Number of protein chains: 2
Amino acid sequence: MSGLTIGNVAKRAGVGVETIRFYERQGLIEQPQKPGVGFRHYPADVVLRVRFIRHAKELGFSLREIGELLDLSLEPEQNCGEVRMRAEAKIADIDCRIESLEKMKGALSRLVVACGTQNQAQSCPIIESIVEESSSAD
Amino acid sequence: MSGLTIGNVAKRAGVGVETIRFYERQGLIEQPQKPGVGFRHYPADVVLRVRFIRHAKELGFSLREIGELLDLSLEPEQNCGEVRMRAEAKIADIDCRIESLEKMKGALSRLVVACGTQNQAQSCPIIESIVEESSSAD
DNA sequence: ATTGACTCCGTACATAAGTACGGAAGCTAT
DNA sequence: ATAGCTTCCGTACTTATGTACGGAGTCAAT
């Protein structure tokens with residue numbers, strides 16, 4: 001009863017067994033010690049960990065970045081200054097993403113409105129609104 | 001003077017020439033007609049289009065999804081109901097992403113606060129806060 | 001003890017998204 | 001008209017992220 005088999009972890013997290021093993025190889029989750037006899041047993045919280053990985057992936061974080069996020073959350077008692085700085089950098093990154101998504105949403109909303117009012121003229125609102133960097137020389 | 005060469009487009013968009021050609025093959029940008037003699041000329045707005053693609057990729061959209069976003073913005077005059085529905089679906093998707101990012105940000109902020117106050121006890125705030133789905137049976 | 005499902009492990013295959021290469025052709029400045 | 005870029009095109013290679021396969025071991029139920 002102390003722990004789940006890899007198949008149970010996979011089922012509960014909504015991924016395949018092979019994905020669990022792949023994440024182990026990538027160092028994103030820890031492979032439990034193999035008992036002298038029998039199968040490995042996983043603590044229940046790896047299910048949460050795997051779900052977090054999937055979530056973060058859908059949000060556009062790479063596995064490397066996700067590893068950094070997970071490392072942050074696991075070493076909170078020492079090196080506080082360091083952890084704090086990295087956490088704040090991640091927060092700034094997330095703020096940028098949210099801002100870009102808000103812009104994209106705004107452009108799409110304007111598109112929907114234009115659709116309703118037959119008010120043409122804007123050629124490509126999405127593209128127009130999402131880009132803000134200045135161009136470089138030619 | 002009427003248009004940029006592929007190299008200029010690439011430079012202005014901040015990508016390599018090969019990336020432009022790849023996006024052409026994927027149908028994300030249109031390859032201009034090749035003139036009888038000489039090189040192709042690209043209208044200036046493909047630069048914006050490429051920048052949009054890069055932006056959207058950083059936000060976690062796949063090239064297929066990005067193609068759908070771009071198609072939305074380019075056919076705004078006919079099939080309004082259809083376009084409108086797809087746009088609203090994209091908006092809902094974006095709302096979900098923003099919500100998840102807000103949750104992740106909240107977890108990171110709590111981590112930063114915990115770092116400052118030596119108030120340990122939460123084992124893994126990031127994971128705890130980002131996961132909300134219910135688990136399945138075993 | 002046997003059957004059927006599952007684990008374990010290494011390796012191979014798959015897909016998305018580029019990135020690099022090589023040779024022929026075109027363009028530009030000297 | 002020649003040198004040194006760039007374009008053009010097909011093809012091959014790379015990286016990230018999984019997925020699938022095959023054979024041997026293990027477990028649980030009959």
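Side chains are part of it too, since the values below use all heavy atoms of this structure and drop only hydrogens, waters and symmetry mates. First the proteins, then the strands, lettered A, B, ... as listed; each starts at 1. Computed from a predicted model, the values in this text were never measured in an experiment.
Taking the side chain as every heavy atom from C-beta outward, A/Phe22 and A/Leu63 approach each other to under 4.5 Å.
Computed from C1' positions of five pairs at each end, the angle between the two local axes of the helix from C/dA1-D/dT30 to C/dT30-D/dA1 equals 10°, rounded to 10 degrees.
Distance A/Ile20 CD1 to D/dA20 P: 15 Å, rounded to the nearest Å. The CD1-C1' distance, from B/Ile6 to D/dC5, rounds to 16 Å in whole Å. In this structure, the CZ atom of A/Arg21 is 6 Å from the C1' atom of C/dC8, given to the nearest Å. Taking atom CZ on A/Arg64 and atom P on D/dT15, their separation rounds to 13 Å, with Å as the unit. Between the CG atom of B/Asn8 and the P atom of D/dT6 there is a distance of 10 Å, rounded to whole Å. Remark: P of D/dT15 and CD of A/Gln26 are 14 Å apart, rounded to the nearest angstrom. Atom NZ of B/Lys11 and atom C1' of D/dC5 are 12 Å apart (whole Å). B/Phe61 has its CZ atom 13 Å from the P atom of C/dA17, to the nearest Å.
Summarising the geometry, atom CZ belonging to B/Arg25 is positioned 10.0 Å from atom CD belonging to B/Gln31; distances are rounded to the nearest 0.5 Å. For the atom pair CG of B/Leu101 and CG of A/Leu59, the computed distance is 4.5 Å after rounding to the nearest 0.5 Å. The line from CD1 of A/Ile20 to CZ of A/Arg40 is 13.5 Å long, rounded to the nearest 0.5 Å. Annotation: the span from B/Glu68 atom CD to B/Arg64 atom CZ amounts to 7.0 Å, rounded to 0.5 Å.
Geometrically, A/Arg97 engages A/Phe61 in a cation-pi contact, judged by NZ or CZ lying under 6.0 Å from the ring centre and within 45° of the ring axis.
A heavy atom lying under 4.0 Å from DNA chain D marks the following residues of residues 29-40 of chain B, by number: B/Gln31, B/Lys34, B/Phe39, B/Arg40.
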Contacts under 3.5 Å, N or O only, protein and nucleotides 18-23 of chain C:
| unit_1 | atom_1 | unit_2 | atom_2 | d |
| --- | --- | --- | --- | --- |
| C/dG18 | OP1 | B/Arg54 | NH1 | 3.4 |
| C/dG18 | OP2 | B/Tyr23 | OH | 2.9 |
| C/dT19 | OP2 | B/Thr19 | OG1 | 3.1 |

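More than 12 heavy-atom neighbours from other residues, nucleotides or ligands sit within 6.0 angstrom of CD on B/Glu102.
Taking for each of A/Tyr42 and B/Ser62 the nucleotide of DNA chain C with the nearest heavy atom, the 5'-most of the two is the partner of A/Tyr42.
Listed for the A/Arg51 side chain is a donor-acceptor partner under 3.5 Å among the backbone atoms of A/Arg12.
Using a 4.0 Å cut-off between charged side-chain N and carboxylate O, B/Arg49 and B/Asp45 make no salt bridge. Look at B/Glu88 and B/Arg84 and you find a salt bridge, because one of the NZ, NE, NH1 or NH2 atoms lies within 4.0 Å of a carboxylate O, short of that distance.
Distances shown here put a side-chain N or O of B/Thr5 below 4.0 Å from the OP1 or OP2 atom of D/dT7.
A/Leu4 and A/Phe39 sit in two unconnected hydrophobic clusters of ILVMFWY residues. Membership requires side-chain heavy atoms under 4.5 Å apart, directly or through other members.
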